[in-house]
Amino acid sequence: MKAYELDKFGIENLRIVDAAMPEPGDDEVLVKVHSASLNYRDLMVVNGQYNPRMKLPVVPLSDAAGEVTAVGKNVVSRRVGERVMPLFVQKWFDGRLDVPASRSSLGGDARSNGVLREYAAFNERSVVSIPEYLSFAEAATLPCTALTAWNALVESGKLQKGETVLTLGTGGVSIFAVQIAKLFGARVIATSSSDAKIEKLKALGADETINYRSTPDWEQKVLEWTGGQGVDHVVEVGGAGTIEKSVASVRMGGEIAMIGALSGGASVDTVPIFMRAISLNGIFVGSKAMFERMLKEFTRAELRPVIDREFSFDEAPEALRYMQKGEHFGKIVINYERH
Ligand SMILES: NC(=O)c1ccc[n+]([C@@H]2O[C@H](COP(=O)([O-])OP(=O)(O)OC[C@H]3O[C@@H](n4cnc5c(N)ncnc54)[C@H](OP(=O)(O)O)[C@@H]3O)[C@@H](O)[C@H]2O)c1
């Protein structure tokens with residue numbers, strides 16, 4: 001089978017190799033991958049920013065959708081032909097995250113190779129079923145960013161109808177956050193650096209939009225639109241460079257879901273965090289139980305992921321370069337059909 005291996009950091013070092021066909025272990029299912037999707041983390045892994053001491057070679061990427069083609073002798077919950085997605089955190093099934101689970105994410109180190117290969121074996125418990133209404137390409141967008149947005153707003157954030165949600169930028173996590181917030185009847189204030197993307201945000205249902213480039217004091221606009229109170233939830237993907245503005249944008253007793261670090265560093269004044277009783281909730285994707293609750297809700301609403309662009313398996317390096325440019329709105333997908 002074909003697989004992409006990274007033996008040195010850098011997109012230019014990503015190579016297709018002939019790899020041994022994986023054999024499913026007794027408790028495993030063998031999955032033929034049909035589609036994968038990119039997360040910002042994949043770019044960091046490939047460029048050596050995620051873990052500069054990562055042992056190489058590694059097969060990158062975590063998010064995929066495919067079909068079970070063989071099962072191990074102990075497998076009871078899965079059959080050949082079923083459409084499945086692997087969990088991003090392979091060993092987080094329910095309850096709180098623990099150390100072994102936190103070390104089981106796909107495509108982030110040499111111990112658990114990722115999905116940029118034609119076949120991969122997973123424990124039968126470490127996959128979930130693809131809802132019928134979704135294509136492989138659509139399903140491949142869900143395991144990381146959709147679940148992260150769901151966990152941030154619904155599981156951890158306990159989002160209620162009528163609350164206000166602030167999203168930053170128009171990457172995978174933020175677009176799912178807009179969609180989930182609208183599904184729950186929330187009011188959305190969304191930011192982007194691009195006026196063209198702002199038009200797309202409006203079409204997706206964002207109630208208020210701000211260009212954070214042309215309006216660098218965007219927290220003032222957020223306060224204006226919330227009667228000086230601030231929003232109930234912030235989906236914080238910017239990190240050090242945006243956190244102070246996020247703190248200024250949230251209401252007293254509000255919640256900031258700490259997810260990403262897309263922006264540059266800065267020091268943070270921690271006093272307003274306790275003086276205004278703000279909750280900072282660290283989010284690490286989500287568990288299998290959360291994923292299944294999300295899929296139930298997505299299926300009920302027939303929520304469709306926003307796919308910006310699709311590439312072929314051979315074009316995977318181009319897909320990563322495209323992500324690096326930051327022009328995408330939503331998800332970038334790689335389709336494997338080349339046989
Ligand atoms: N904690 C977790 O479990 C978890 C899970 C998934 C992702 N993440 C993290 O969350 C972040 C987003 O991931 P992703 O996959 O959604 O990324 P992505 O799809 O690559 O998002 C890129 C977009 O983010 C926006 N952006 C960049 N810098 C920004 C800034 N300073 N302020 C506001 N928006 C900015 C831009 O939107 P515009 O072009 O519209 O400006 C850009 O197009 C990353 O840091 C990732 O590592 C964490």
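All of these numbers come straight from a predicted model, not from anything done at the bench. If you read the sequence from its start, that first residue is 1, and numbering goes on from there.
Across F9 and L6, no two heavy atoms sit closer than the pair CD2-CD2, 4.0 Å. Residue T209 comes nearest to W225 through the heavy atom pair O-CH2, 3.4 Å, listed as atom of the first residue, atom of the second, then distance. Counting all heavy atoms, side chain and backbone alike, L97 lies closest to A101 at CD1-CB, 3.9 Å. In terms of heavy atoms, S37 sits closest to A140 at OG-O, 2.9 Å. When every heavy atom of S35 is checked against every heavy atom of N335, the shortest pair comes out as OG-OD1, 2.7 Å. Closest approach of A181 to L159, counting heavy atoms only: CA-CD2, 3.9 Å.
Annotation: R276, atom CZ; neighbour count of heavy atoms from other residues, nucleotides and ligands within 6.0 Å is above 12. In E132, the CD atom is not crowded: 12 or fewer heavy atoms of neighbouring residues, nucleotides or ligands sit closer than 6.0 Å. Enclosure of atom CD in E23 is not indicated, since only 12 or fewer non-hydrogen atoms of other residues, nucleotides or ligands lie within 6.0 angstrom.
Neither side chain, Y50 nor D42, offers a donor N or O lying under 3.5 Å from an acceptor on the other. Between N123 and K91, the side chains place no donor N or O within less than 3.5 Å of an acceptor N or O (distance only, hydrogens not considered). There is a side-chain donor-acceptor pair under 3.5 Å between S129 and R78. With hydrogens and angles left out, the side-chain atoms of S246 and E236 include a donor and acceptor closer than 3.5 Å. N74 and E124 form no side-chain donor-acceptor contact under 3.5 Å, judged by distance and modelled atom types alone. Using modelled atom types and a 3.5 Å distance limit, the side chains of N13 and D7 yield no donor-acceptor pair. For the residue pair S249 / E219, no side-chain donor-acceptor distance below 3.5 Å is found, with atom types taken as modelled. Side-chain polar atoms of S287 and R96 form no donor-acceptor pair below 3.5 angstrom.
With a 4.5 Å cut-off on side-chain heavy atoms, V68 and R79 do not count as touching. Taking 4.5 Å as the limit, some side-chain heavy atom of V59 sits within range of a side-chain heavy atom of E5. Taking the side chain as every heavy atom from C-beta outward, L201 and V188 never approach each other to under 4.5 Å. Side-chain contact between N39 and S62: present, with at least one pair of heavy atoms (C-beta onward) separated by less than 4.5 Å. With a 4.5 Å cut-off on side-chain heavy atoms, V247 and I256 count as touching.
Hydrophobic clustering (side-chain heavy atoms under 4.5 Å, transitive across Ile, Leu, Val, Met, Phe, Trp, Tyr) groups V33 together with L116. Both V268 and I259 belong to a single network of hydrophobic side chains, linked directly or stepwise wherever heavy atoms of I, L, V, M, F, W or Y lie under 4.5 Å apart. Under the 4.5 Å side-chain heavy-atom criterion for ILVMFWY residues, no single connected hydrophobic cluster contains both V306 and L183. No continuous path of ILVMFWY side-chain contacts below 4.5 Å connects I175 to I189, so the two sit in separate hydrophobic clusters. Residue V46 is grouped with residue L38 when hydrophobic side chains (ILVMFWY) are merged at heavy-atom distances under 4.5 angstrom, including chains of intermediate members.
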Quiz item: Should I278 and E255 be marked as a side-chain contact (heavy atoms from CB on, under 4.5 Å) after you check the CA-CA gap, both sets of side-chain angles, and the distance that decides it?
Solution: CA-CA 6 Å; I278 294 165; E255 180 252 352; over 6 Å; no
Pair Q90, L106 - check side-chain contact (heavy atoms from CB on, under 4.5 Å), show working.
CA-CA 7 Å; Q90 285 276 291; L106 281 177; 3.8 Å; yes
For a side-chain contact (heavy atoms from CB on, under 4.5 Å) check, start with the C-alpha distance between V128 and E292, then their side-chain angles and the critical distance, and finish with the verdict.
CA-CA 7 Å; V128 295; E292 286 177 333; 3.9 Å; yes
message = Between K2 and D18, does the salt bridge (charged side-chain N to carboxylate O under 4.0 Å, His left out) criterion hold? Intermediate values first, please.
response = CA-CA 5 Å; K2 302 277 179 234; D18 276 318; 2.7 Å; yes
Criterion ring-ring contact (aromatic ring centres under 6.0 Å, His included) on F88 and F291, from CA distance to verdict = CA-CA 10 Å; F88 177 94; F291 200 171; over 10 Å; no
* Criterion salt bridge (charged side-chain N to carboxylate O under 4.0 Å, His left out) on K221 and E208, from CA distance to verdict -> CA-CA 10 Å; K221 272 262 171 258; E208 312 287 355; over 6 Å; no
Exercise for the section: Walk me through it: do K32 and E118 pass the test salt bridge (charged side-chain N to carboxylate O under 4.0 Å, His left out)? Expected result: CA-CA 6 Å; K32 177 180 192 251; E118 291 178 311; over 6 Å; no
(request) Report the C-alpha distance between T242 and K245 in whole Å, list the side-chain angles of each, state the deciding distance to 0.1 Å, and finish with yes or no for side-chain contact (heavy atoms from CB on, under 4.5 Å). (result) CA-CA 5 Å; T242 50; K245 287 179 185 297; 5.5 Å; no
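Although no hydrogens or angles enter the test, the distance criterion places a donor-acceptor pair under 3.5 Å between the side chain of S194 and the main chain of A196. N211 contributes a side-chain N or O that, together with a main-chain N or O of S214, makes up a donor-acceptor pair within less than 3.5 Å. Judged by distance alone, with hydrogens and angles left aside, the side-chain atoms of Y119 form no donor-acceptor pair with the main-chain N or O of A20 at under 3.5 Å. The closest donor-acceptor contact from the side chain of D232 to the backbone of T164 lies under 3.5 Å. With T226 contributing its side chain and V222 its backbone, the two residues share a donor-acceptor pair below 3.5 Å. At distances below 3.5 Å, at least one donor-acceptor pair connects side-chain atoms of S174 with backbone N or O atoms of L168. In this structure a side-chain-to-backbone donor-acceptor pair under 3.5 Å is present from D63 to C144. Side-chain N or O atoms of E297 include none that pairs as donor or acceptor with a backbone N or O of M294 at under 3.5 Å. Here the side chain of R83 pairs a donor or acceptor atom with the backbone of P131 at under 3.5 angstrom. No donor-acceptor pair under 3.5 Å is formed between the side chain of T141 and the backbone N or O of K331.
The residues E138 and R304 are annotated as salt-bridged, a charged nitrogen and a carboxylate oxygen being separated by less than 4.0 angstrom. Salt-bridge check for D207 with R187: failed, with every basic side-chain N at 4.0 Å or more from each acidic carboxylate O.
Rounded to the nearest 0.5 angstrom, N281 CG and M258 CE are separated by 10.0 Å. With rounding to the nearest 0.5 angstrom, the CD atom of E67 is 4.0 Å from the NE2 atom of H34. Interatomic distance, K8 NZ to R15 CZ, rounded to the nearest 0.5 Å: 7.0 Å. The distance from atom CG of N47 to atom CD of Q324, rounded to the nearest 0.5 Å, is 5.0 Å. In this structure, the separation between OG1 on T167 and NE2 on H233 is 13.0 Å, given to the nearest 0.5 Å. In this structure, the separation between CZ on R321 and CD on E318 is 7.0 Å, given to the nearest 0.5 Å.
Of the listed residues (V237, L262, T145, V45), just one forms a side-chain contact (heavy atoms from CB on, under 4.5 Å) with Y40, and that residue is L262.
Ring planes of Y322 and H328: tilted class, angle from 30 to 60°.
Cation-pi geometry between R117 and Y4 is not satisfied (NZ or CZ under 6.0 Å from the ring centre, within 45° of the ring normal). For K197 and F329, the positive end is not near the middle of the six-membered ring at less than 6.0 Å and at most 45° from its axis.
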